[in-house]
There are 2 protein chains.
Amino acid sequence: MEIRSFTIQTLERLPYYLHYMESRETEDVSSRDLANALGLNEVQVRKDLAAVSSKAGRPRRGFERKPLIRDIREALGFGRMDEAVIVGVGHLGTALINYKGFRELGLRIVAGFDLQVEDEIWVNETPVFSSDRLKNLIPRLNVKMAILTVNSENAQAVCDELVAAGIRAIWNFSQVMLNVPDNVIVRNENMAASLAVLSEYLSTGNNK
Amino acid sequence: MEIRSFTIQTLERLPYYLHYMESRETEDVSSRDLANALGLNEVQVRKDLAAVSSKAGRPRRGFERKPLIRDIREALGFGRMDEAVIVGVGHLGTALINYKGFRELGLRIVAGFDLQVEDEIWVNETPVFSSDRLKNLIPRLNVKMAILTVNSENAQAVCDELVAAGIRAIWNFSQVMLNVPDNVIVRNENMAASLAVLSEYLSTGNNK
DNA sequence: GAGATATCGATATCATAATATCGATTAAAA
DNA sequence: TTTTAATCGATATTATGATATCGATATCTC
Ligand SMILES: NC(=O)c1ccc[n+]([C@@H]2O[C@H](COP(=O)([O-])OP(=O)(O)OC[C@H]3O[C@@H](n4cnc5c(N)ncnc54)[C@H](O)[C@@H]3O)[C@@H](O)[C@H]2O)c1
Ligand SMILES: NC(=O)c1ccc[n+]([C@@H]2O[C@H](COP(=O)([O-])OP(=O)(O)OC[C@H]3O[C@@H](n4cnc5c(N)ncnc54)[C@H](O)[C@@H]3O)[C@@H](O)[C@H]2O)c1
């Protein structure tokens with residue numbers, strides 16, 4: 001198995017580099033341009049770029065923009081299309097199903113599951129099933145990724161079902177730190193923390 | 001101005017400690033309990049707790065659960081209620097307006113703005129105005145926080161309007177790294193990066 | 001009451017990420 | 001053609017965060 005050579009921090013900056021470079025029209029782009037535009041350190045930018053692209057930069061020019069865009073898209077996995085199911089089709093789940101941008105990011109949501117659905121319903125082009133059918137359908141669809149948007153009380157139980165059904169990657173929007181076996185990866189989308197940072201700043205003026 | 005004594009990493013773990021402790025009924029809870037339940041290192045847990053609470057733990061007992069819950073809620077700012085506006089009431093924006101849990105986290109969304117709204121409309125209890133009215137209404141409402149859920153192409157322009165209207169804290173869901181003056185804080189909710197991490201894991205098995 | 005031990009808090013170490021420095025190089029300017 | 005300066009890549013340094021170690025101590029057991 002191939003090993004990733006870049007860190008998660010680098011990965012988190014890549015979408016911003018990409019967006020900036022796609023909004024330009026020049027032949028080249030320098031690490032300084034990027035650093036200034038995005039408020040980052042220019043050494044950091046060069047290291048990030050070196051981590052995802054073998055293309056060298058040239059003195060007084062910078063990097064060729066187009067090949068770099070290709071390499072970043074490659075590193076971000078935009079080439080491959082992943083399929084995912086979503087469990088918990090409430091407010092947030094519905095929004096995510098409706099979000100067009102995921103296709104562009106290489107994600108297709110192929111099915112939803114919800115406790116409160118009796119028969120199959122449709123949210124735009126996506127079928128949503130009763131959660132009873134989860135354990136049967138997931139293996140049949142051969143999907144390995146799940147988006148978890150049930151209320152926090154049920155998150156661990158649903159997580160266990162997902163793992164049993166063969167899910168290997170979980171995007172967790174609930175407020176629970178999920179317990180999973182080693183071969184399953186969880187990524188938390190932690191909105192409470194984000195909010196706390198902003199709120200604290202407004203009340204104390206403290207940034208960090 | 002009071003200085004925060006804990007890091008953002010600590011802050012990000014606090015919601016999970018809180019959820020775990022609120023789900024217990026014992027008198028005390030030890031750092032080992034928390035560490036095991038959440039898959040963390042117990043020294044790290046103790047340091048986090050020490051950073052937000054002056055209550056000492058006791059040998060063979062751990063920490064008193066209830067006072068600790070109070071201190072964490074305090075650190076997370078659940079006591080104070082912040083008001084925010086939301087700009088871009090599309091799929092995601094509507095979901096966020098409808099999300100009940102924000103109240104519990106100390107956030108009230110008092111108004112929305114969208115380009116495509118002519119007159120005032122209502123999403124549940126929240127009025128949504130034409131974005132023309134943003135520059136007038138925000139100062140009148142005296143709101144300092146904004147949630148930014150417009151499409152990425154318009155994000156910087158809207159951001160500039162928000163700053164001009166007096167906004168000091170921006171929760172940014174777009175794919176753009178916003179350019180703001182020093183006295184404005186931005187928190188990015190970077191879904192593309194999350195997705196990239198999961199996708200990469202599935203295709204390479206690499207975790208880190 | 002006398003150990004035994006779980007747990008803490010303080011401190012030391014280790015790991016990782018960010019930033020600074022600097023010589024090499026290449027394009028542009030003189 | 002020579003000089004200048006922008007930019008890179010490599011390496012060194014610094015900063016930050018995570019983990020390991022260990023002595024102190026309060027509670028539990030006998
Ligand atoms: N909506 C947001 O903006 C937002 C923001 C931050 C966090 N969250 C988190 O996202 C999660 C969902 O939030 P929401 O606002 O969409 O809540 P919601 O109540 O609208 O939706 C939850 C859905 O999950 C379904 N569900 C519950 N148990 C289930 C099970 N066992 N199997 C299948 N489906 C099940 C429910 O029927 C419901 O439709 C929560 O954990 C919340 O904390 C949401
Ligand atoms: N929906 C998701 O699940 C999701 C996930 C990841 C990222 N995002 C990001 O969130 C943002 C919104 O996504 P969405 O799916 O809700 O898109 P959307 O198109 O449904 O909503 C965008 C809304 O912004 C409004 N708008 C545009 N320009 C405006 C302006 N100048 N002033 C006021 N309103 C304006 C539009 O009228 C529209 O209603 C995008 O930047 C997207 O990349 C969304």
Side-chain angles (χ1 to χ4, degrees), chain A residues 3-14 16-17 20-21 24 26-65 67-68 71-72 75 177 188 190 193 197 206-208, chain B residues 3-14 16-17 20-21 24 26-65 67-68 71-72 75 177 188 190 193 197 206-208:
Chain A
I3 292 292
R4 181 177 61 224
S5 53
F6 46 88
T7 66
I8 287 185
Q9 284 83 350
T10 292
L11 192 54
E12 290 182 343
R13 288 185 288 266
L14 293 181
Y16 300 106
Y17 298 148
Y20 176 79
M21 288 197 290
R24 305 272 94 186
T26 55
E27 186 75 15
D28 301 308
V29 60
S30 75
S31 58
R32 176 163 292 168
D33 291 344
L34 277 161
N36 288 344
L38 305 180
L40 300 172
N41 177 289
E42 77 182 70
V43 178
Q44 186 173 59
V45 172
R46 282 203 291 279
K47 288 205 164 167
D48 286 342
L49 299 183
V52 301
S53 173
S54 58
K55 295 267 183 299
R58 284 153 57 189
R60 293 203 68 130
R61 281 296 199 86
F63 299 82
E64 278 185 75
R65 196 173 55 89
L68 204 49
D71 287 343
I72 292 181
M177 207 170 260
N188 297 308
N190 189 344
V197 171
N206 182 239
N207 199 343
K208 196 167 58 182
Chain B
I3 292 293
R4 181 177 63 225
S5 53
F6 45 89
T7 66
I8 287 185
Q9 284 82 351
T10 292
L11 192 55
E12 290 183 342
R13 288 185 288 267
L14 293 181
Y16 300 106
Y17 297 148
Y20 176 78
M21 288 197 290
R24 306 272 94 187
T26 55
E27 186 74 16
D28 301 309
V29 60
S30 75
S31 59
R32 176 163 291 168
D33 291 344
L34 277 162
N36 288 343
L38 306 180
L40 300 172
N41 177 289
E42 76 181 71
V43 177
Q44 186 174 58
V45 172
R46 280 203 292 279
K47 286 204 165 166
D48 287 341
L49 299 183
V52 299
S53 174
S54 58
K55 294 267 182 299
R58 285 153 56 192
R60 294 204 65 128
R61 280 298 199 86
F63 299 81
E64 278 185 76
R65 196 172 55 88
L68 203 49
D71 286 344
I72 292 181
M177 208 171 259
N188 297 308
N190 187 344
V197 172
N206 182 238
N207 198 343
K208 194 166 59 181

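Any value given below was found using the heavy atoms of this structure, including those in side chains, with hydrogens, waters and symmetry copies removed. Letters go in sequence order (proteins before strands), and every chain restarts at 1.
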- Where the side chain of B:Asn41 meets the backbone of B:Val43, is there a donor-acceptor pair that is under 3.5 Å apart?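 At least one qualifying donor-acceptor pair exists.
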- Message: Quick one: does any side-chain atom of A:Asp33 pair with a main-chain N or O of A:Ser30 as donor and acceptor, under 3.5 Å?
- Response: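 Yes, because the side chain of A:Asp33 sits within donor-acceptor range (under 3.5 Å) of the backbone of A:Ser30.
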- Based on Watson-Crick and G-U pairs with both distances under 3.5 Å, what dot-bracket line describes DNA chain D 5' to 3', crossing pairs as [ ] and inter-strand pairs as |? ||||||||||||||||||||||||||||||
How long is the line joining [atom1] of [X] and [atom2] of [N], in whole Å?
X: B:Asn36; N: D:dT19; atom1: CG; atom2: C1'; value: 15 Å
X: A:Phe6; N: C:dT16; atom1: CZ; atom2: P; value: 17 Å
X: A:Leu11; N: C:dT16; atom1: CG; atom2: P; value: 17 Å
X: B:Gln44; N: C:dC14; atom1: CD; atom2: C1'; value: 14 Å
X: A:Glu64; N: C:dA27; atom1: CD; atom2: P; value: 12 Å
X: A:Glu12; N: C:dA17; atom1: CD; atom2: C1'; value: 13 Å
X: A:Gln9; N: D:dT16; atom1: CD; atom2: P; value: 15 Å

Provide the closest heavy-atom pair for [X] versus [Y] in the form atom of the first, atom of the second, distance.
X: A:Met21; Y: A:Arg65; value: O-NH1, 2.9 Å
X: B:Leu38; Y: A:Met177; value: O-SD, 3.1 Å
X: B:Ala193; Y: A:Leu11; value: CB-O, 4.2 Å
X: A:Asp71; Y: A:Val52; value: CB-O, 3.7 Å

- Task: At under 4.0 Å between heavy atoms, which parts of nucleotides 5-15 of chain D does protein reach? Answer with one letter per nucleotide, 5' to 3': B base, S sugar-phosphate only, - none.
- Result: BBBBB-BB---
- Task: Taking side-chain hydrogen bond (donor to acceptor under 3.5 Å, both in side chains) as the test, write out the residues that go with A:Arg58, two or more places apart.
- Result: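 For A:Arg58 there are no side-chain hydrogen bond (donor to acceptor under 3.5 Å, both in side chains) partners, ignoring immediate neighbours.
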- Measure the OH-OG distance between B:Tyr17 and B:Ser31 for me, rounded to the nearest 0.5 Å.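 Between atom OH of B:Tyr17 and atom OG of B:Ser31 there are 9.5 Å.
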